[in-house]
Amino acid sequence: MLRAFSRPGALLGRASTLKTTTTTPWFKQTNALQTLLAPAKSLARPGAAAALRPAAWRAPLVARAVPVRCLSAVVPDEKKPAAAAAPPAPFDPNKTMGMLETVGGVQRDRSSAQLFASSFLGGAMLSWGSILMMVVAGGAPSLAADPGLQSLLRGMVFPLGLSLIVLSKSELVTANFLTQYLPKPSPDALRVLSVSFAANLAGSLAMVGLASSACLFTPGAAALLVKAASGKAALAPSVAFLKGVGANWLVNLAVFQAASSPTAPGKIAALWLPIMTFITLNLEHSVANMFLLPMASALGAEFTVADMAANIGVVAAGNAAGAVLLVGMLQKFSLFGEQK
C-alpha cells in the first residue's frame with residue numbers, strides 16, 4: 001500500500017478521486033466508500049495480500065447499487081373453526097314406539113325363508129349368552145354358598161346374547177310379539193310369529209349339538225345347568241306363566257330402550273340392565289329355555305321331552321302376554337292415549 005502511494009501522481013490521483021467523491025449525492029457516497037475500502041477488507045481473507053496489486057487502487061470508483069430484498073411477511077391462513085357437531089336428538093319414547101311399529105311392518109314384508117334365517121341366528125346368538133352365563137357362574141365354586149351373588153353374576157353376562165341379536169338385526173319371537181301387535185292386524189303377523197318360533201327353536205337345538213360336540217361345559221357349569229333346568233321343568237304352570245310375563249316385559253323394555261339409541265354402545269348399555277334383572281330374578285324366557293332345557297337333558301338331567309315342551313309352551317304364552325299387555329297396550333296408551 002505504501003509503494004502505491006509513493007509513486008508519482010498516486011496521491012494526486014487519489015485526491016482527485018476523493019474530490020470527485022465529495023460531489024456525489026449522499027445516497028451514493030456510502031457505496032463509494034465501500035468501494036474504497038474493499039481492498040482493505042479483502043486483506044483480512046487468507047491469501048488476499050498476495051493477490052493485491054497497485055492497479056487495484058487506480059481502478060475507477062463505480063457506484064454500485066446494493067439490492068435490497070423485501071421479505072414479505074408470510075401470514076398463515078386463518079384456520080376456520082370446525083363446524084359444531086349436531087347435538088344428539090333428545091330421547092323421545094313416542095318416536096321409539098313408532099319406530100317399533102315400523103319394524104313390524106318391515107318384518108311382514110320379508111319372505112318366510114329370510115325370516116327363518118334371521119330367527120335361526122337369533123336363537124343361536126341367545127344360546128351363546130346362556131353358555132357364557134353357565135360357564136362363568138359354574139366355574140366359581142366359591143359362589144355356591146351365596147346364591148344371590150351367583151345369580152347376579154349370571155345376570156351380568158347373559159345380556160351378551162341379546163346384544164348380538166340387536167346389533168345384527170336378528171329375530172326373537174319374544175320381541176316379535178310386540179312388533180307384530182303394534183301395526184294393524186294382518187294374517188302376515190301369524191306367519192312372522194310361527195316362523196320365528198320354529199326358527200328360534202332350530203337355532204337353539206343346533207347350539208345344543210355344537211356345545212355338546214365341542215365340550216363347552218365344564219363339570220361345574222354342567223352341574224349348575226342341570227340343577228337350574230330341573231327347577232324350570234318342575235315349575236307349576238301358573239308360576240311358569242307369571243315368570244314368563246315378567247321376563248318378557250323386561251325383555252321388551254330392553255328392546256324398546258335399545259331402539260331409542262342411534263349408536264351401538266348406547267344400544268348395549270340400554271338393554272343390559274333390564275336383561276340382567278330378569279336373569280338375576282330367575283324369570284322365564286321361552287327362547288332361552290329352548291337351549292337350556294335340551295342342553296341340560298343332554299348333560300344328564302332327569303326330565304322328559306314332554307316336560308320341556310310344557311314349560312316352553314306355558315312360558316311362551318306368558319312372554320306373549322307380557323309383551324302385548326304391558327308394553328304394546330299399556331305402555332303405548334301411556335304415551336299416545338287414544339290418539340294412536
**Prompt:** Measuring from T96:OG1 to Q331:CD, what's the distance to the nearest 0.5 Å?
**Reply:** 10.5 Å
**Prompt:** If you look only at pairs with a residue in residues 201-215, which of them pass as a side-chain hydrogen bond (donor to acceptor under 3.5 Å, both in side chains), with sequence neighbours excluded?
**Reply:** none
**Item:** Any F177 side-chain heavy atom under 4.5 Å of N319 side chain
**Value:** yes
**Request:** Please report the closest heavy-atom contact between Q257 and P274, naming both atoms and the distance.
**Result:** NE2-CG, 3.7 Å
**Message:** Parallel, tilted or perpendicular: which one describes the rings of F291 and F217, with boundaries at 30° and 60°?
**Reply:** parallel
**Asked** Judged by modelled atom types alone, do N200 and S119 share a side-chain donor-acceptor pair under 3.5 Å?
**Response** no
**Request:** To the nearest 0.5 Å, tell me how far F158 CZ sits from S163 OG.
**Result:** 10.5 Å
**Message:** How close do A206 and F120 get, counting heavy atoms only, and between which atoms?
**Reply:** CB-CZ, 3.8 Å
**Message:** When you compare the side chain of L121 with that of S168, does any pair of heavy atoms fall below 4.5 Å?
**Reply:** no
**Fill in**
Taken to the nearest 0.5 Å, the spacing of L162 CG from F278 CZ works out to 8.5 Å
**Asked** Do L292 and M295 pass the side chain to side chain contact (heavy atoms under 4.5 Å, CB included) test, and can you show the C-alpha distance, the side-chain angles, and the key distance before you say yes or no?
**Response** CA-CA 5 Å; L292 293 172; M295 188 72 241; 5.8 Å; no
**Request:** Decide whether T179 and Q107 meet the rule of one side-chain donor and one side-chain acceptor closer than 3.5 Å.
**Result:** yes
**Prompt:** Taking S118 for the side chain and L115 for the main chain, is one N or O donor matched with an acceptor at less than 3.5 Å?
**Reply:** no
**Message:** When you group the ILVMFWY residues by side-chain heavy-atom contacts below 4.5 Å and let the links chain together, are L224 and V157 in the same group?
**Reply:** yes
**Message:** Using 0.5 Å steps for rounding, measure from the NZ atom of K232 to the CG atom of L225.
**Reply:** 9.5 Å
**Request:** Specify the closest pair of heavy atoms between M134 and A221, including all atoms of both residues, with the distance to one decimal.
**Result:** O-CB, 3.4 Å
**Request:** Please name the pair of heavy atoms, one in A296 and one in V226, separated by the smallest distance, quoted to 0.1 Å.
**Result:** O-CG2, 4.0 Å
**Prompt:** Could you go step by step and tell me if L178 and V324 meet the side chain to side chain contact (heavy atoms under 4.5 Å, CB included) rule?
**Reply:** CA-CA 6 Å; L178 173 63; V324 172; over 6 Å; no
**Message:** Contact between L126 and H285 at the side-chain level, heavy atoms closer than 4.5 Å - yes or no?
**Reply:** yes
**Complete:** Nearest heavy-atom contact between F116 and A198 is CE1-C, 4.4 Å
**Request:** Taking the side chain as every heavy atom from C-beta outward, state whether N282 and S151 have any pair of such atoms under 4.5 Å apart.
**Result:** yes
**Item:** same_hphob_cluster(V166, M133) at 4.5 Å side-chain heavy-atom cutoff
**Value:** yes
**Asked** Under a 4.5 Å side-chain heavy-atom rule over Ile, Leu, Val, Met, Phe, Trp and Tyr, are L205 and I131 clustered together?
**Response** yes
**Request:** State plainly whether one hydrophobic cluster holds both L100 and F333, where clusters connect Ile, Leu, Val, Met, Phe, Trp and Tyr through side-chain heavy atoms under 4.5 angstrom apart.
**Result:** no
**Request:** State, to 0.1 Å, how close G123 and V287 come at their nearest heavy-atom pair, and which atoms those are.
**Result:** CA-CG1, 4.3 Å
**Request:** Evaluate the side-chain proximity of V315 to K243: yes if any heavy-atom separation is below 4.5 Å, no if none is.
**Result:** no
**Item:** Residues S196 and N176: side-chain donor-acceptor under 3.5 angstrom
**Value:** yes
**Message:** Hydrogens and angles aside, do T304 and D307 bring a side-chain donor and acceptor to less than 3.5 Å of each other?
**Reply:** yes
**Item:** Side chain to side chain, V173 and L193, heavy atoms closer than 4.5 Å
**Value:** yes
**Item:** Worked verdict on V251 versus L271 for side chain to side chain contact (heavy atoms under 4.5 Å, CB included)
**Value:** CA-CA 8 Å; V251 168; L271 66 84; over 6 Å; no
**Request:** Tell me, with the steps shown, if R110 and E171 meet salt bridge (Lys or Arg N to Asp or Glu O under 4.0 Å).
**Result:** CA-CA 12 Å; R110 303 172 80 184; E171 306 281 347; 2.5 Å; yes
**Message:** Walk me through whether R108 and Q180 qualify under side chain to side chain contact (heavy atoms under 4.5 Å, CB included).
**Reply:** CA-CA 8 Å; R108 294 176 183 181; Q180 290 308 306; 2.8 Å; yes
**Asked** If Ile, Leu, Val, Met, Phe, Trp and Tyr residues are connected whenever their side-chain heavy atoms lie under 4.5 Å apart, and connections chain through other members, are W249 and F241 in the same group?
**Response** yes
**Side-chain heavy atoms of L293 within contact of I312, under 4.5 Å** = yes
**Item:** L325: partners by side-chain contact (heavy atoms from CB on, under 4.5 Å), with sequence neighbours left out
**Value:** A321, M329
**Request:** Would you check if the side chain of N94 reaches a backbone N or O of L335 as a donor-acceptor pair within less than 3.5 Å?
**Result:** yes
**Prompt:** What's the spacing between L216 CG and M207 CE if we round to 0.5 Å?
**Reply:** 7.5 Å
**Message:** Between E284 and N311, is there a side-chain heavy-atom distance shorter than 4.5 Å?
**Reply:** yes
**Request:** Answer yes or no: is there a donor N or O on one side and an acceptor on the other, between the side chain of N248 and the main chain of G244, under 3.5 Å?
**Result:** no
**Prompt:** Does a side chain donor of either S112 or R191 reach within less than 3.5 Å of an acceptor in the other side chain?
**Reply:** yes
**Message:** Please report the interatomic distance OG(S142) to CD(Q150), rounded to the nearest 0.5 Å.
**Reply:** 9.5 Å
